[in-house]
K.L.:
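Below: one structure in structure tokens.
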Amino acid sequence: MDRRLRFAALPEAFREMDLKTFRTDIYQIPESRDKIKGACQVIKTYLDNFSQMQGRGIGLYMWSNAKGSGKTRMAASIANYLMREKGVQVKFSTSLNIIQEIKNTWDDKEKKSESRLLDALSTAEVLIIDDFGMEQLTAWINSKFFQVLNERYINNRVTILTSNIPFENLEYDDRITDRIGEKMLKIAFPEESIRKIISKNNNAQMLGMLAKQ
Ligand SMILES: Nc1ncnc2c1ncn2[C@@H]1O[C@H](COP(=O)(O)OP(=O)(O)OP(=O)(O)O)[C@@H](O)[C@H]1O
Ligand SMILES: [Mg+2]
């Protein structure tokens, strides 16, 4: 099953990301720097006390309206830290990928594969869902996510979500948001795009190289 799931571990591109190279000085707006420092502080405390947090099934909800603010990078860094330093089993996927994987199981002759997939999601020691809330909500998506998150909630399993939507605006069924709300520390990321800063820097660097030729 793990081989079938693309989220069995971490996407290749994320393997290098770690907490030590997550920069707080890369944000340009002073308010963003304060916000990211606060966020890093909470995340550090959370990770330093991870076994206690895990015992209580406490997860994280990292969000910002802005795209490119570092949420996925942080989520991947946390995943690497938990796997390498704490020996925790982590599954990492985007919500769209999870939905696609569920749909893929429908083609399978074997009727059991959907429930095995949902079971794998429900029982992973730590489940990270990137871009939660991006998916178009239909009744069946709602019910599948409910099934997974509810199972994790009941069993005190840690779930970490990233989203572009503030928690209060999530359009999920109240049954889902109540559970997320109770067990997740909500962490606001800066409303600033590091992706834009990086691309501006790359452009400037290219222009600099061209100017020298
Ligand atoms: N604090 C940081 N230090 C170094 N690089 C960063 C930092 N934050 C983000 N980046 C880089 O900026 C880019 C965008 O970050 P990321 O993909 O994590 O943003 P995001 O918040 O997940 O965006 P989206 O809302 O579009 O999903 C990536 O290339 C990432 O590696
Ligand atoms: Mg992202």
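Below, each value reflects all heavy atoms present in this structure, side chains not excepted, and no hydrogens, waters or symmetry copies. Predicted model only: the values in this text are computed from it and were never measured. Whatever order the structure lists ligands and atoms in, that order sets their numbers, starting from 1.
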K.L.:
Distances only, to 0.1 Å: what are the N or O pairs between ligand 1 and the protein that fall under 3.5 Å?
P.N.:
residue	atom	partner	partner atom	Å
ligand 1	1 (N)	Arg23	N	3.4
ligand 1	1 (N)	Arg23	O	2.7
ligand 1	3 (N)	Arg23	N	3.1
ligand 1	17 (O)	Arg195	NH2	3.1
ligand 1	18 (O)	Thr72	N	3.2
ligand 1	18 (O)	Arg73	N	2.8
ligand 1	19 (O)	Gly70	N	3.1
ligand 1	21 (O)	Ser69	N	3.0
ligand 1	21 (O)	Ser69	OG	3.4
ligand 1	21 (O)	Gly70	N	3.0
ligand 1	21 (O)	Lys71	N	3.0
ligand 1	21 (O)	Lys71	NZ	2.7
ligand 1	22 (O)	Thr72	N	2.9
ligand 1	22 (O)	Thr72	OG1	2.7
ligand 1	23 (O)	Gly68	N	2.7
ligand 1	23 (O)	Arg195	NH2	3.2
ligand 1	25 (O)	Lys71	NZ	2.8
ligand 1	25 (O)	Asn164	OD1	3.4
ligand 1	25 (O)	Asn164	ND2	3.1
ligand 1	26 (O)	Lys67	NZ	3.0
ligand 1	26 (O)	Gly68	N	3.4
ligand 1	26 (O)	Arg195	NH1	3.1
ligand 1	26 (O)	Arg195	NH2	3.3
ligand 1	31 (O)	Arg73	NH1	2.9

K.L.:
Return the set of protein N, O or S atoms whose distance to the Mg ion (ligand 2) is under 2.8 Å, each given as residue and atom.
P.N.:
Thr72 OG1
K.L.:
Under the rule for ring pair (Phe, Tyr, Trp, His ring centres under 6.0 Å), what residues qualify as partners of Tyr46, not counting sequence neighbours?
P.N.:
Phe50
K.L.:
Please determine if Lys20 and Asp18 form a salt bridge, counting it only when a charged side-chain N lies under 4.0 Å from a carboxylate O.
P.N.:
no
K.L.:
So which heavy atom on Gln28 is nearest to which on Ile26, and how close?
P.N.:
NE2-O, 3.2 Å
K.L.:
Taking all heavy atoms of Leu185 and all of Ile58, pick out the closest pair and write down the distance.
P.N.:
CG-CG2, 4.0 Å
K.L.:
Do Phe146 and Tyr172 make the cut of ring centroids closer than 6.0 angstrom?
P.N.:
no
K.L.:
Could you pull out all residues at least two apart from Tyr153 that satisfy side chain to side chain donor-acceptor pair (under 3.5 Å)?
P.N.:
Glu182
K.L.:
Give me the atom names and distance for the closest heavy-atom approach of Glu192 to Ser32.
P.N.:
OE1-OG, 2.6 Å
K.L.:
Show the numbers, then the answer: is there a salt bridge (charged side-chain N to carboxylate O under 4.0 Å, His left out) between Lys144 and Glu114?
P.N.:
CA-CA 10 Å; Lys144 301 300 169 197; Glu114 183 190 304; 2.8 Å; yes
K.L.:
Would you name the heavy atoms of Gln54 and Glu125 that are closest together and state the gap between them?
P.N.:
NE2-OE2, 3.0 Å
